[in-house]
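Keep in mind that the numbers below use all heavy atoms, side chains included, and drop hydrogens, waters and symmetry copies. Since the structure is predicted, the reported quantities are computational estimates derived from the model, not experimental observations. Each chain gets a letter, A, B and so on, in the order its sequence line appears, and its residues count up from 1.
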Number of protein chains: 2
Amino acid sequence: MTAKQLLQQHKLKRTSCREGMLELFLASKEALSENELREQLSGSYDRTTFYRSFITLLDAGIIHKIVVDNILTKYALTTPMTREHQHVHFFCTHCETTKCIQTDVEITIQLPEGFHQDSMDILIKGSCNHCKQ
Amino acid sequence: MTAKQLLQQHKLKRTSCREGMLELFLASKEALSENELREQLSGSYDRTTFYRSFITLLDAGIIHKIVVDNILTKYALTTPMTREHQHVHFFCTHCETTKCIQTDVEITIQLPEGFHQDSMDILIKGSCNHCKQ
DNA sequence: TCTGCAAATGCAACAATGTTGCAAAAGAAT
DNA sequence: ATTCTTTTGCAACATTGTTGCATTTGCAGA
Ligand SMILES: [Mn+2]
Ligand SMILES: [Mn+2]
Ligand SMILES: [Zn+2]
Ligand SMILES: [Zn+2]
């Protein structure tokens, strides 16, 4: 799947910002932040354009967002696996590497009477294979 | 347990800001945000003082922090239950009510080779008993 | 290939949240 | 009451994200 195909498939205009972002997502095994994308797209775009592109790609379901506390926000491609709701994310507290964990989880938690669950976010923090002590 | 006792027990100075915050935490069944605390402590304190008080109470382990995406940050008292295991938080997407779920969870997720887990955050989103449709 | 229109962009301004340095005030111990 | 330390308030700043508006671009149709 190419960036161009992804955009066409979702009937989105093929702009260089979107296409550049998608190429980086397609090439990366890890989630990427706005800053990481901008660094690599040296022909920088305005910050506003990035934010609006994120919104477009999120709305289309092409990418999804991973927020780690007040520390950072990253984005990753949505795959068939990650599209299934509750999947797990991993965050390395040393190098901030953030990954989608491709595992099926079946967790049921008893909520108080009258509460209703729509979704569940699971974030594991620890050290990645490069940062293990 | 009173606010005064909590502060003395942790050898913290008994200032009116800290004591006011703790009284609200002790009286609340839900997690509270900076704004909710400030509203109720009408004899408002400076924003900086709030942030520094949060840090003090967090460091002492008296409260813990619950971050919901880029939406909001709330705080709640640390109880014996919440201190122990990985515990779960609930966030109502309608009224933003945020609660600690007092349930024991034992979840093991297989991480990629070389990855090491330190902690796990679980956030359930949905509607609370007042907002159920 | 050219034209026209809707959509995307860049820029400036703004808001919310959180942090830091420093002088003044308050807490607690003597 | 005096002293010393910690906390506070204020101003300034950083980061992240949003909005309005004029300009530019992509793309469909001629
Ligand atoms: Mn993911
Ligand atoms: Mn909790
Ligand atoms: Zn790492
Ligand atoms: Zn609610």
Can Asn35(B) and Ser33(B) be counted as having a side-chain donor-acceptor contact under 3.5 angstrom? no
Distance, rounded to the nearest Å, where Asp46(B) contributes CG and dT17(C) contributes C1': 14 Å
Can you tell me how the ring of His87(B) sits relative to the ring of His89(B), calling it parallel under 30°, perpendicular over 60° and tilted otherwise? perpendicular
In terms of side-chain heavy atoms, does Ser53(B) have a donor or acceptor partner in Tyr45(B) at a distance below 3.5 Å? no
Min and max contacting nt of DNA chain D in 5' to 3' order, chain A heavy atoms within under 4.0 angstrom, are dT16(D) to dC27(D)
For the pair Phe25(A) and Tyr75(A), name the ring-plane relationship: parallel under 30°, tilted 30 to 60°, perpendicular over 60°. perpendicular
Note: contacts of residues 59-74 of chain A with DNA chain C (heavy atom, under 4.0 Å) are Asn70(A)
For Thr73(B) and Asn70(A), test the side chains for any donor-to-acceptor distance below 3.5 angstrom and give the result as yes or no. yes
Answer with base, sugar-phosphate or nothing: what part of the nucleic acid does Arg47(B) contact at a heavy-atom distance below 4.0 Å? base
dT19(C), OP1 or OP2 - any side-chain N/O from Tyr51(B) closer than 4.0 Å? no
Could you tell me if the side chain of Lys65(A) sits less than 4.5 Å from the side chain of Leu58(A), heavy atoms only? yes
Take Asp59(B) and Ile55(B) through the test side chain to side chain contact (heavy atoms under 4.5 Å, CB included) and record every step on the way to the result. CA-CA 6 Å; Asp59(B) 287 350; Ile55(B) 292 169; 3.6 Å; yes
Between Lys74(A) and the options Glu96(A), Glu30(A), Glu36(A), the side chain to side chain donor-acceptor pair (under 3.5 Å) test singles out Glu36(A)
Mapping Thr49(A) and Thr48(B) onto DNA chain C by nearest heavy atom, which one lands closer to the 5' end? Thr49(A)
Tell me the interatomic distance from Ile55(A), atom CD1, to dA8(C), atom C1', rounded to whole angstroms. 13 Å
Apply the side chain to side chain contact (heavy atoms under 4.5 Å, CB included) test between Phe91(B) and each candidate in Ile66(B), Leu72(B), Ile124(B), Thr97(B); give the one that qualifies. Leu72(B)
Just by protein heavy atoms under 4.0 Å, how would nucleotides 22-30 of chain C read 5' to 3' in B, S and -? -----BS--
Just wondering, do Ile107(A) and Ile122(A) contact through their side chains at under 4.5 Å, heavy atoms? yes
Calculate the interatomic distance between Arg38(A) atom CZ and dG10(C) atom P; express it in whole Å. 11 Å
Do His94(B) and His116(A) have their ring centres less than 6.0 Å from each other? no
